[in-house]
Amino acid sequence: MNAESFYEHLVRPVLFSLSPEGAHNVAIRNLRIASNWPAALLQLERFKPPPKPTTAFGLTFPNPIGLAAGFDKNGVAIPAWAALGFGFIEVGTVTAKPQPGNPKPRIFRYPEQQALINRLGFNNDGADVVAARLRSLRENGRWPSIPVGINLGKSKVTPLDQAVDDYLYSFRLLAPLADYVVLNVSSPNTPGLRSLQEHDALEQLLRAIRRENEIARKPVLLKIAPDLSLTELEQIIATSEQHGIAGIIATNTTLDHSAIPKSLDQTGGLSGRPLREKSTEFVRAIRALSQLPIIASGGIFDAASAREKLEAGSQLLQLYTGYVYRGPGLLREIAGAV
Ligand SMILES: Cc1cc2nc3c(=O)[nH]c(=O)nc-3n(C[C@H](O)[C@H](O)[C@H](O)COP(=O)(O)O)c2cc1C
């Protein structure tokens with residue numbers, strides 16, 4: 001049985017019989033166990049696509065397809081993602097302080113629209129615990145051969161005017177352990193977070209991180225929302241270029257829920273198929289403004305949507321919702337077509 005049928009006929013029906021967050025937890029728990037079990041990793045490698053190496057911001061990727069932030073928020077299954085064949089993985093979002101996130105339920109499935117809405121609110125173990133986990137992976141020789149990024153956000157309890165210090169705390173701990181770092185200023189589920197995309201706040205954050213990065217010297221990327229105006233986008237790109245940002249991740253989830261019937265709508269960020277066009281538009285707009293490397297994220301579900309993102313000007317791709325619906329076969333399909 002190939003990867004696609006195995007997932008779509010056996011795994012997905014079981015996972016989709018659970019709540020979206022329950023299914024997520026089962027998947028993560030199993031991949032966490034597999035990560036500590038060499039025989040299981042070998043089994044996962046059966047899904048691995050043939051290599052298609054590429055380079056961006058000074059790193060080499062065995063293929064251009066990564067796991068997007070939010071899937072493995074705490075970095076508990078890194079060896080398993082590598083075994084499954086991802087070209088890179090992004091751990092996080094991690095915040096300076098551990099936090100439980102919003103009350104459940106907080107992930108909602110829309111199979112007809114091939115979408116998800118989530119309002120998790122950065123539930124994560126916090127920077128200290130994640131740093132210890134990554135350090136032990138490195139020290140035990142289990143660090144994977146693929147680039148591992150760390151996505152950083154602001155702790156909910158930290159007031160917005162202290163956001164810079166909050167990011168700096170996590171950056172100091174985690175940047176030395178990561179291959180690249182992402183400043184996430186675009187989740188819709190932490191009140192006020194997106195206002196860090198505004199000019200003065202962004203400049204302050206980027207200036208402080210650049211100063212701090214003189215020691216670690218890691219590529220720092222910025223992850224942006226798809227709900228910005230073109231003027232806002234232009235300003236963000238200009239500020240990013242001025243302050244040494246190595247690349248842009250376009251995009252996070254959207255607040256535009258027009259694809260979801262009103263009666264089923266939920267508060268949160270929408271991901272998946274309905275985000276495809278908007279996020280591609282953003283990739284194209286960024287490429288028209290700048291030569292910064294772009295990681296495209298949003299509605300990649302098949303070879304055509306992956307190719308569309310690369311043709312729009314991105315170098316790398318990230319999967320989340322498409323992987324939930326289609327599983328490891330999606331990675332093989334895309335890797336074979338790009
Ligand atoms: C359940 C869920 C949790 C997410 N958590 C995060 C997160 O912690 N940090 C982040 O930067 N993006 C997060 N995202 C956004 C994804 O990384 C991705 O950018 C977005 O979903 C668009 O890609 P997709 O359409 O392939 O899902 C999350 C998305 C989902 C569906």
S.K.: Taking it one step at a time, do Tyr180 and Glu90 satisfy side-chain hydrogen bond (donor to acceptor under 3.5 Å, both in side chains)?
M.R.: CA-CA 9 Å; Tyr180 72 90; Glu90 196 168 305; 2.8 Å; yes
S.K.: If you group Ile, Leu, Val, Met, Phe, Trp and Tyr by side-chain heavy-atom gaps below 4.5 Å, do Leu222 and Leu230 land in one group?
M.R.: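 Yes, one cluster joins them.
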S.K.: When you check the gap from the basic side-chain N to the acidic O, do Arg326 and Glu333 get nearer than 4.0 Å?
M.R.: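 Yes.
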S.K.: Indicate whether the side chain of Ser258 and that of Asp256 have a donor and an acceptor atom separated by less than 3.5 Å.
M.R.: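 Ser258 vs Asp256: donor-acceptor pair found between side chains.
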S.K.: In terms of side-chain geometry, is the basic nitrogen of Arg133 or Asp125 positioned less than 4.0 Å from the acidic oxygen of its partner?
M.R.: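 A salt bridge is present here (some side-chain N lies under 4.0 Å from a carboxylate O).
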S.K.: Go through the steps for Leu10 and Val14 under the test side chain to side chain contact (heavy atoms under 4.5 Å, CB included), then give the verdict.
M.R.: CA-CA 7 Å; Leu10 289 173; Val14 175; over 6 Å; no
S.K.: Please examine the side chains of Gln291 and Arg287, heavy atoms only from C-beta on, and report whether any two atoms are closer than 4.5 Å.
M.R.: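 Side chain of Arg287 against side chain of Gln291, heavy atoms only: contact under 4.5 Å found.
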S.K.: Quick one: does Lys73's side chain get under 4.5 Å of Val91's, heavy atoms only?
M.R.: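 The answer is no, as the side chains (C-beta and beyond) never meet within the 4.5 Å cut-off.
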S.K.: Establish, for the pair Arg109 and Phe16, whether the NZ or CZ atom is under 6.0 angstrom from the six-membered ring centre and no further than 45 degrees off its axis.
M.R.: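 Yes, Arg109 lies over the aromatic ring of Phe16.
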S.K.: Are Thr54 and Asn63 close enough that some pair of their side-chain heavy atoms sits under 4.5 Å apart?
M.R.: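 No, every pair of side-chain atoms sits at 4.5 Å or beyond.
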S.K.: Any non-hydrogen side-chain atom of Leu31 less than 4.5 Å from a side-chain atom of Val76?
M.R.: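 No, too far: nothing below the 4.5 Å cut-off.
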S.K.: Check the surroundings of atom NZ in Lys156: do more than 12 heavy atoms from other residues, nucleotides or ligands lie under 6.0 Å from it?
M.R.: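 Counting other residues, nucleotides and ligands, NZ of Lys156 stays at 12 neighbours or fewer.
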S.K.: Quick check: Tyr323 with Phe86 (ring centres under 6.0 Å apart)?
M.R.: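 Close enough - the centres of the two rings lie under 6.0 Å apart.
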S.K.: Of Asp179, Val220, Leu221, which is the lone residue that meets side-chain contact (heavy atoms from CB on, under 4.5 Å) with Phe57?
M.R.: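 Of the listed options, the one satisfying the test is Leu221.
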S.K.: Is it true that atom CD of Glu112 has more than 12 heavy atoms of other residues, nucleotides or ligands lying nearer than 6.0 Å?
M.R.: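 For Glu112, atom CD is not crowded (no more than 12 foreign heavy atoms under 6.0 Å).
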S.K.: State, without any angle test, whether Thr321 and Gln114 hold a side-chain donor-acceptor pair at a distance under 3.5 Å.
M.R.: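 Per modelled atom types, Thr321 and Gln114 side chains form no pair under 3.5 Å.
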S.K.: Please test Tyr169 against Val164 for side chain to side chain contact (heavy atoms under 4.5 Å, CB included), starting from the C-alpha separation and ending with a verdict.
M.R.: CA-CA 9 Å; Tyr169 180 86; Val164 171; over 6 Å; no
S.K.: With the side chain counted from C-beta on, respond yes when Leu319 and Phe301 share a heavy-atom pair under 4.5 Å apart, and no when they do not.
M.R.: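 Leu319 vs Phe301: side chains apart.
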S.K.: Please walk me through it: do Ser136 and Glu139 pass side-chain hydrogen bond (donor to acceptor under 3.5 Å, both in side chains)?
M.R.: CA-CA 5 Å; Ser136 117; Glu139 287 169 359; over 6 Å; no
S.K.: Compute whether any side-chain donor of one residue and acceptor of the other, for Ser263 and Asp265, lie under 3.5 angstrom apart.
M.R.: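 Per modelled atom types, Ser263 and Asp265 side chains form no pair under 3.5 Å.
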S.K.: Of Ile294, Leu317, Ile334, Val338, which is the lone residue that meets side-chain contact (heavy atoms from CB on, under 4.5 Å) with Lys309?
M.R.: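 It is Leu317, the one option of Ile294, Leu317, Ile334, Val338 that forms the side-chain contact (heavy atoms from CB on, under 4.5 Å) with Lys309.
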S.K.: Under 3.5 Å, is there a donor on one side chain and an acceptor on the other for Asn189 and Arg106?
M.R.: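 No, because no side-chain N or O of Asn189 sits under 3.5 Å from a partner of the opposite role on Arg106.
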S.K.: Using a strict cut-off of less than 4.0 Å between a Lys/Arg side-chain nitrogen and an Asp/Glu carboxylate oxygen, indicate whether Lys278 and Glu281 qualify as a salt bridge.
M.R.: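 A salt bridge links Lys278 with Glu281.
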S.K.: I would like to know whether Thr239 and Glu203 meet side-chain hydrogen bond (donor to acceptor under 3.5 Å, both in side chains); could you show each step before the answer?
M.R.: CA-CA 6 Å; Thr239 311; Glu203 192 156 64; 5.4 Å; no
S.K.: Side chains of Glu234 and Thr231: any donor to acceptor distance under 3.5 Å?
M.R.: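 No - no donor-acceptor pair under 3.5 Å links their side chains.
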S.K.: Is the distance between the ring centroids of Trp81 and Phe88 under 6.0 Å?
M.R.: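 Not under 6.0 Å, so no.
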S.K.: Would a 4.5 Å heavy-atom cut-off, applied to side chains only, mark Ile249 and Ile224 as touching?
M.R.: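 Counting from C-beta outward, Ile249 and Ile224 never come under 4.5 Å.
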S.K.: Looking just at side-chain N and O atoms, do Gln266 and Arg119 make a donor-acceptor pair shorter than 3.5 Å?
M.R.: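 There is such a pair (donor and acceptor under 3.5 Å, judged by atom type) between the side chains of Gln266 and Arg119.
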S.K.: Quiz question: by atom type and distance under 3.5 Å, do the side chains of Ser187 and Asn184 form a donor-acceptor pair?
M.R.: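 Ser187 vs Asn184: no donor-acceptor pair found between side chains.
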S.K.: How far apart are the C-alpha atoms of Ser297 and Lys223, what are their side-chain angles, what is the distance that settles it, and do they pass the side-chain hydrogen bond (donor to acceptor under 3.5 Å, both in side chains) test?
M.R.: CA-CA 10 Å; Ser297 157; Lys223 185 164 178 178; 4.7 Å; no
S.K.: Considering only heavy atoms from C-beta outward, does the side chain of Leu270 approach that of Leu255 to under 4.5 Å?
M.R.: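 A side-chain contact is absent here, since even the closest heavy-atom pair is not under 4.5 Å.
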S.K.: Go through the steps for Ile65 and Leu316 under the test side chain to side chain contact (heavy atoms under 4.5 Å, CB included), then give the verdict.
M.R.: CA-CA 6 Å; Ile65 310 146; Leu316 298 166; over 6 Å; no
S.K.: Do the non-hydrogen side-chain atoms of Lys154 and Thr95 ever get within less than 4.5 Å of each other?
M.R.: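 Not touching, per the 4.5 Å side-chain cut-off.
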S.K.: Give the cluster check for Ile260 versus Phe108: same hydrophobic cluster or not, with ILVMFWY residues linked at side-chain heavy-atom distances below 4.5 Å.
M.R.: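 Yes, one cluster joins them.
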S.K.: Quick one: do Thr280 and Arg284 satisfy side chain to side chain contact (heavy atoms under 4.5 Å, CB included)? Show the steps, please.
M.R.: CA-CA 6 Å; Thr280 303; Arg284 204 169 287 125; 3.5 Å; yes
